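Just so you know, these numbers come straight off a predicted model, no measurement behind them. Proteins come first, then strands; the chains are lettered A, B, ... in the order of their sequence lines, and each starts at number 1.
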Amino acid sequence: MDLGLDEQQEMLKNFARDFLEKECPESLVREMEEDDQGYSPDLWKKMAEQGWMGLIIPEDQGGAAMTLCELVVLLEEFGRALVPGPFISTVVLGAVPIMEAGTDEQKAQYLPKIAAGELIMTMALTEPSAKWTADGVTLEAKKDGGDYVLNGTKLFVPDAHVTDHMVVVARTGGKGEDGITLFIVDSKSDGIKFEQLKTIAADKQSEVIFENVKVPAANVLGDEGKGWETVEKVSRVATVAACAYLVGLSQMDFDTTLNYAKERVQFGRPIGSFQAIQHKLADAIIDVDGSRFITYKAAWSLTEGEDDTDMMISMAKAWASDASRRVVAHGQQIHGGIGFTKEYKIQLYFRRQKWMELMWGDADYHREKVAQLMEV
Amino acid sequence: MDLGLDEQQEMLKNFARDFLEKECPESLVREMEEDDQGYSPDLWKKMAEQGWMGLIIPEDQGGAAMTLCELVVLLEEFGRALVPGPFISTVVLGAVPIMEAGTDEQKAQYLPKIAAGELIMTMALTEPSAKWTADGVTLEAKKDGGDYVLNGTKLFVPDAHVTDHMVVVARTGGKGEDGITLFIVDSKSDGIKFEQLKTIAADKQSEVIFENVKVPAANVLGDEGKGWETVEKVSRVATVAACAYLVGLSQMDFDTTLNYAKERVQFGRPIGSFQAIQHKLADAIIDVDGSRFITYKAAWSLTEGEDDTDMMISMAKAWASDASRRVVAHGQQIHGGIGFTKEYKIQLYFRRQKWMELMWGDADYHREKVAQLMEV
Amino acid sequence: MDFRFTPQEQAFREEIRDWLKTNLPDHTPGDRMSGDSENLNVYKMFAQRLATKGWVAPHWPKEYGGLGLSVVEQLVFNEEMAEASAPMGYSTIGTGWVGPTLIVYGTDEQKQRWLPQITAGDVMWCQGFSEPNAGSDLASLKTSAVRDGDDYVINGQKIWTSGAHYADWMILIARTDPEAPKHKGISYFLVDMKTPGLSTTPLIDMMDNHAFNEVFFDNVRVPRANLLGEENRGWYMAATTLDFERSSIGGAVGAGRMVRELTQYCVDTPWNGHRLIDESRVRSRLSDAAIEAELGRLLSYRVITLQSRGAVPNYEASIAKLFNTDMQLRMARSGLEIMGLYGQLDHQDKYAPLKGRFERQYLWQTGLAVGGGTTEIQKNIIATRGLGLPRQ
Amino acid sequence: MDFRFTPQEQAFREEIRDWLKTNLPDHTPGDRMSGDSENLNVYKMFAQRLATKGWVAPHWPKEYGGLGLSVVEQLVFNEEMAEASAPMGYSTIGTGWVGPTLIVYGTDEQKQRWLPQITAGDVMWCQGFSEPNAGSDLASLKTSAVRDGDDYVINGQKIWTSGAHYADWMILIARTDPEAPKHKGISYFLVDMKTPGLSTTPLIDMMDNHAFNEVFFDNVRVPRANLLGEENRGWYMAATTLDFERSSIGGAVGAGRMVRELTQYCVDTPWNGHRLIDESRVRSRLSDAAIEAELGRLLSYRVITLQSRGAVPNYEASIAKLFNTDMQLRMARSGLEIMGLYGQLDHQDKYAPLKGRFERQYLWQTGLAVGGGTTEIQKNIIATRGLGLPRQ
């Protein structure tokens with residue numbers, strides 16, 4: 001029993017931190033907020049060279065075959081550096097469903113390219129109903145000869161506009177979890193329209209409208225009608241990934257605020273000497289540390305296939321969603337006016353938190369999942 | 001528009017405070033916790049001499065014909081002094097339904113005696129289902145010649161064991177709000193069994209079991225089957241009364257704690273000079289003040305028959321229930337060890353708060369009522 | 001214990017409502033107080049319409065261009081303006097800060113010079129108080145004013161100056177005696193923003209607004225006639241009880257309106273086969289928000305009560321301000337939680353619920369209103385000034 | 001990142017569980033730590049059963065009667081005892097405070113004299129630290145110890161002394177140098193409770209328990225041999241890192257058990273035509289409670305991790321303690337809220353849900369565990385010692 005990082009993880013963390021401090025400075029984060037693509041192809045390439053896109057992809061598909069525990073360590077650093085771009089979309093939402101449900105051909109076709117940083121992907125799941133559950137999936141896929149024809153609208157799809165392919169969660173029939181089919185869809189297919197959403201976090205989510213989009217039957221991922229099981233698998237990994245990002249983000253917001261509290265002088269003393277500020281910071285570090293360890297537990301349980309996996313994942317997301325919001329709110333409050341200016345960095349963390357708080361279910365959603373699991 | 005007390009109310013408040021400081025000292029409160037009856041007949045008599053039992057009873061029935069606003073002023077002082085005994089039970093739960101639904105004979109029979117302090121009453125409403133809503137009423141009343149026969153169990157009935165009569169809420173048929181009938185029942189009737197509950201607050205609630213209790217038809221209060229409307233009227237007054245008691249209780253807990261914070265020295269300075277303690281007390285006074293003014297608003301709206309009456313009452317109880325709990329929790333926390341001892345008075349407030357927090361619906365219950373009213 | 005307004009007050013309320021029906025600008029900006037420059041003309045036009053009724057500063061004495069309203073009438077006025085979301089950004093500093101201070105401390109000449117312009121809705125004021133190292137600890141300000149003949153020469157920097165980029169005048173506090181204890185060497189000036197040597201730099205906020213500025217003073221000469229009151233007594237004038245109730249009541253009324261809008265949204269939005277409002281998590285949040293909005297209003301009414309009775313509100317005003325500020329933040333946060341994924345949408349996005357007002361409020365409140373130590377400072381005031389707890 | 005226990009640790013866990021099946025007293029008191037006197041014999045009997053396994057203080061070195069368990073094994077042991085709600089009240093001060101301090105600072109003679117009694121489960125200790133005017137500010141204590149020949153003569157008063165009315169021995173800190181700075185004039189003694197001049201007065205708490213006492217010293221003579229370490233160095237010995245993890249882990253495990261019980265209660269209790277657990281307000285409270293119990297456990301595990309790796313936990317231990325304390329209070333409060341009217345019932349009432357454990361916890365936690373400035377002090381430690389923030 002050891003909650004710390006092992007040697008390999010420690011190395012990964014240190015390397016990633018150094019790398020990102022150099023390659024993903026605050027200036028790049030700001031630039032990408034304004035940038036239409038939202039990521040730097042140059043940084044993308046360099047990250048791929050580190051093997052990060054293939055971190056959890058099997059070795060025979062060109063990956064490093066590490067586990068979610070290592071991905072969590074890396075994503076914590078991503079959150080810390082607010083790395084912009086479609087990394088989670090590609091590595092989790094794109095690669096994981098193919099790893100879980102793909103045919104050998106599909107794996108051979110996509111995974112090595114993802115690992116090499118040559119493909120950008122995402123998953124198109126949520127719709128205007130904004131639900132994470134299977135009954136929210138209404139985008140219709142109809143068989144038409146050797147093809148399927150897709151019609152419907154996806155909303156809040158991360159990074160969709162820069163992808164090469166999307167894993168589209170569609171309904172081929174049935175109700176609820178039954179009758180859901182996944183398709184690997186070429187993002188440049190006729191009939192697909194992207195419109196970027198404007199969000200607090202200035203991340204790149206899109207509305208994606210499908211109008212009679214033809215997808216060859218060969219691009220069905222997994223068994224027709226049985227796609228939801230794969231979505232759930234992806235969702236587990238993606239939820240932990242979101243938590244990891246929040247942990248890093250919270251830690252960095254906290255560190256920045258702590259430094260500010262030590263340096264900012266008012267009434268002839270550092271504001272961090274006031275008990276009210278001290279106690280806020282004490283509360284915040286508990287939130288940060290708590291988020292980290294419950295995220296580690298979730299990642300480990302999922303990796304090891306423990307019975308409590310779903311419980312731990314929902315506990316982690318429920319806690320990290322709320323805790324990170326408290327942390328960044330304290331951060332803003334302690335910074336005062338300076339924290340409100342665009343120029344100073346703390347607001348980047350504050351705004352970005354909202355994004356990951358919501359992704360893959362907010363605290364309410366996961367609290368209810370915890371309650372469901374408790375009844376069993 | 002004036003949120004303060006008028007001259008008459010101010011006089012009532014000052015008189016009541018002086019009177020209760022003298023006649024209802026802490027020692028009496030403690031004695032009555034241990035006392036089986038739970039009230040002092042001597043104090044009861046003196047309070048009656050002040051006209052308090054008849055405060056809201058019409059003049060022609062021997063009362064002072066004041067409004068709920070004045071009763072609130074008085075009950076705030078009761079909360080402050082933690083006056084033990086069946087005052088609210090008698091004056092609100094006993095008198096109000098008779099004032100609202102009684103025949104002239106019933107009014108003449110009971111109200112002057114209540115006003116004179118010669119009768120102790122209560123209302124028996126809740127049952128083991130612990131619900132405040134009409135569907136919680138299952139105690140059965142069956143017509144049998146010129147009598148009704150009551151069978152069933154009431155639980156959490158305040159002060160039942162010392163009453164002369166109880167207004168019993170029973171079901172003569174129907175479902176929900178329909179088919180509920182009120183009876184004025186002699187507490188010494190054959191077939192009634194009382195068992196006192198042991199509660200945090202050491203107040204005197206009872207289980208009351210009715211086994212074939214005969215009640216003459218003349219004791220039906222209001223129309224048969226239409227009793228719920230009267231219960232609702234009582235409930236409005238009783239809920240405001242509970243709020244007023246909580247306001248006084250919170251204020252006194254706060255005052256005691258504030259004094260302690262000024263006097264208790266640690267680390268060479270009063271603990272009230274520490275920012276953490278100061279901010280707790282600032283939060284607490286907001287809770288106290290807020291409780292007071294929303295209670296006043298509720299009392300005034302009910303007195304004036306304003307449209308927003310139900311909304312204000314539920315807002316008041318939702319807020320005062322939670323706020324008073326925060327206040328007494330801060331009180332305990334700031335007092336530290338001394339607050340935990342039986343000997344010191346602050347624990348009396350802490351324990352007593354729980355009682356009124358629950359009476360006539362806790363915060364959850366009234367929040368839901370607010371939500372229902374908001375939809376309209 | 002009387003929550004009823006008098007018939008006269010009611011009539012005044014009706015008069016305002018009627019007047020607003022025809023005089024409220026078609027395009028009402030979302031942030032009625034922020035004074036962002038794009039809506040400046042709207043603000044000014046509306047202020048001048050108000051002036052025709054004597055309503056720019058109706059609570060001021062008649063001799064200074066007001067209507068001498070009672071505090072309760074002023075409350076009614078403020079409530080109706082807030083309820084209508086009328087744009088008041090043009091005149092808040094002039095009517096709330098400059099006027100009341102001038103009326104107490106100004107010479108006749110100064111009053112004649114500046115007050116009529118304010119009640120006419122002709123000029124915009126800004127407030128040069130905060131400095132980079134003097135935020136919540138305002139008295140440690142360093143901007144200097146040195147006497148030179150009939151002028152004072154100002155050097156230094158102000159920050160967080162709302163509207164400095166279009167204001168005509170500034171109220172400025174600056175240090176005239178660097179040797180005195182920090183509260184005792186400060187003076188209070190009225191400065192023409194067009195004075196040579198005075199320059200402003202925008203501070204863009206995280207919402208990409210330009211509401212705040214840095215203001216730099218490089219040998220700015222201010223005539224001695226623009227000194228308010230005595231030299232070195234400026235701190236006490238700056239601390240004069242100000243038109244506090246406006247913002248606090250505005251907050252409570254605005255919050256009440258936001259709750260109603262949010263409730264309507266939850267009634268109108270389908271969710272999971274029923275309506276969003278049928279979700280228990282939504283109901284309890286809406287309910288809390290409504291309760292808090294009512295509490296905020298009552299805590300402000302209590303201040304009015306005290307004023308009406310001729311008492312000077314002490315910590316009661318801090319309580320109202322603190323509660324209303326915190327309440328607005330909690331409400332914004334609850335709103336976003338209720339909206340789920342849609343809650344993250346910027347007000348410019350076509351799908352943003354309620355035009356993104358909750359999102360804006362969330363950024364605004366977390367970012368600023370509770371920032372700068374406001375919450376801490378208010379709690380300190382309540383504890384020490386109100387409850388008599390010893391300072392550290 | 002490895003949450004698995006080794007096969008040996010698992011085997012140890014199984015061994016404890018098996019042993020507890022036959023050795024746990026039939027009547028397990030509800031408050032396993034409170035040491036209320038009515039259950040004293042149960043506590044003592046169980047401590048002596050534990051002694052047969054070397055389990056009174058299994059983490060102590062073997063030479064002192066322990067088993068020299070690793071920190072993780074100790075964790076496993078503590079978890080199982082907490083999970084079984086085993087009564088540990090008899091030995092906590094002896095094993096958690098007296099032993100560790102004696103092992104570090106005691107002479108061989110002192111160790112021989114007192115340690116075996118503890119591991120045998122033969123003696124009960126109490127702790128004479130707090131005084132009426134020295135609570136969170138413990139170092140300002142006034143009880144004096146004056147050297148007189150081979151004795152020290154003790155005069156003064158202690159308060160909140162848990163179990164003083166039946167303890168055999170007390171660890172006492174008293175002032176030996178009234179002239180020195182307050183931390184530097186304190187010495188540490190081991191005092192026989194039967195010494196003439198020592199008397200105790202019960203402090204009855206609001207739950208009508210007699211757990212605490214006042215202890216009075218009227219010329220109590222303590223032999224010099226009972227001084228621990230050097231004279232005037234007592235403060236530093238008292239502040240020695242103690243067996244903190246026990247209580248913190250116990251709290252988390254106990255909380256986990258309470259959540260399970262509460263969940264079962266909500267499943268079993270009919271409400272409004274369905275089950276109590278079907279209420280959304282109940283679900284979210286249960287869920288929060290379960291999450292917090294897990295968090296509390298993990299924050300304790302983090303401390304164990306640090307210790308396992310040979311690091312000295314700093315603010316991490318304070319975080320675990322603070323979180324677990326607060327969490328237990330929130331849980332008790334949530335429990336009562338869930339129970340509605342039934343929540344107010346005393347544990348002696350026949351209708352009290354779950355034997356009134358939540359009601360007891362509510363009184364206990366609000367009343368004491370967070371009292372005495374614990375929460376504040378822990379936050380101060382986290383902020384200053386942990387985060388390096390400057391003291392005031």
Side-chain angles (χ1 to χ4, degrees), chain B residues 1-6 9 67 69-70 72-73 254 258 261-262 269-275 277-287 289-294 296-297 299-301 303-304 306 308 311-312 314-316 318-319 322-323 363-364 366-375, chain C residues 1-6 9 71-72 75-76 259-260 263 266-267 275 277-278 280 282-292 294-299 301-306 308-309 311 315-316 318-320 322-323 326 375-376 378-384 386-392:
Chain B
M1 193 278 290
D2 188 306
L3 272 62
L5 305 186
D6 64 25
Q9 290 162 349
T67 74
C69 293
E70 285 72 42
V72 157
V73 171
F254 175 83
L258 179 62
K262 287 178 180 172
R269 54 196 252 205
I271 61 170
S273 69
F274 288 95
Q275 210 180 20
I277 304 280
Q278 293 191 344
H279 287 196
K280 276 198 176 68
L281 287 165
D283 288 337
I285 192 61
I286 295 180
D287 275 334
D289 283 355
S291 298
R292 174 173 293 116
F293 296 115
I294 188 79
Y296 286 4
K297 179 80 185 283
W300 181 83
S301 289
T303 303
E304 298 290 320
E306 297 286 308
D308 65 357
M311 178 69 101
M312 288 303 132
S314 282
M315 281 184 167
W319 178 266
D322 278 347
D364 279 344
H366 284 285
R367 255 194 293 271
E368 172 56 24
K369 284 191 87 166
V370 169
Q372 284 168 20
L373 293 162
M374 285 172 75
E375 274 189 79
Chain C
M1 220 182 289
D2 180 6
F3 293 78
R4 184 165 287 133
F5 291 87
T6 65
E9 288 158 357
V71 285
V72 177
L75 163 72
V76 168
V259 177
R260 289 199 306 276
T263 305
C266 295
V267 167
R275 306 166 305 164
I277 202 174
D278 297 319
S280 173
V282 172
R283 298 175 80 75
S284 64
R285 285 194 178 97
L286 283 178
S287 174
D288 277 338
I291 294 169
E292 292 194 6
E294 184 64 29
L295 260 290
R297 187 193 284 253
L298 291 173
L299 289 172
Y301 278 20
R302 189 254 298 258
V303 178
I304 305 291
T305 295
L306 288 169
S308 276
R309 291 180 166 209
Y315 74 103
E316 295 89 350
S318 293
I319 282 182
L322 173 63
F323 186 87
D326 283 357
T375 300
E376 264 76 45
Q378 294 297 338
K379 286 192 184 178
N380 291 346
I381 291 173
I382 295 167
T384 55
L387 304 177
L389 287 166
R391 285 169 204 283
Q392 305 191 17

*chain B heavy atoms under 4.5 Å from C:Ile277: which part of the residue, side chain, backbone, both or neither?*
side chain

*Test side chain to side chain donor-acceptor pair (under 3.5 Å) applied to B:Gln372 - qualifying residues, sequence neighbours left out*: B:Glu368

*asked:* One pair to check against side-chain contact (heavy atoms from CB on, under 4.5 Å): B:Met311 and C:Glu294. What are the steps and the verdict?
replied: CA-CA 10 Å; B:Met311 178 69 101; C:Glu294 184 64 29; over 6 Å; no

*With only heavy atoms counted, which part of B:Met312 is less than 4.5 Å from chain C, the side chain, the backbone, both or neither?*
side chain

_B:Glu375/C:Arg275 under side-chain contact (heavy atoms from CB on, under 4.5 Å): CA gap, chis, key distance, verdict_ = CA-CA 11 Å; B:Glu375 274 189 79; C:Arg275 306 166 305 164; 2.4 Å; yes

*Is a donor on one side and an acceptor on the other found under 3.5 Å between the side chain of C:Thr305 and the backbone of B:Gly4?*
no

_Heavy-atom pair with the smallest gap, counting every atom of B:Met315 and C:Ala290_ = CE-O, 3.4 Å

*For C:Arg285, is it the side chain, the backbone, both, or neither that has a heavy atom closer than 4.5 Å to a heavy atom of chain B?*
neither

*Look at C:Leu298, C:Ile381, C:Leu306 and state which one has the largest set of heavy-atom pairs under 4.5 Å with chain B.*
C:Leu298

*Would you mind checking which part of C:Arg309 comes under 4.5 Å of any heavy atom in chain B, side chain (CB onward), backbone (N, CA, C, O), both or neither?*
side chain

*chain C: which of B:Thr303, B:Ile285, B:Val73 shares the most heavy-atom pairs with it under 4.5 Å?*
B:Ile285

*Is chain C contacted by the side chain of B:Asp322, its backbone, both, or neither, given a heavy-atom distance below 4.5 Å?*
neither

*In terms of ring plane angle, is the pair C:Phe3 and B:Trp300 parallel, tilted or perpendicular, where the classes change at 30° and 60°?*
tilted

_Sequence-distant partners of C:Tyr315, ring-ring contact (aromatic ring centres under 6.0 Å, His included), two or more places apart_ = none

_Shorter than 4.5 Å, heavy atoms on both sides: which option in B:Ile294, B:Asp364, B:Ile277 has the most such pairs with chain C?_
B:Ile294

*Let me know if C:Thr384 has heavy atoms under 4.5 Å from chain B in its side chain, its backbone, both or neither.*
side chain

*Heavy-atom distances under 4.5 Å only: say whether C:Thr263 touches chain B with side chain, backbone, both or neither.*
side chain

*Between B:Asp283, B:Asp6, B:Leu373, which shows the greatest number of heavy-atom pairs under 4.5 Å with chain C?*
B:Asp283

_Segment of C:Leu389 engaging chain B (4.5 angstrom heavy-atom cut-off)_ = both

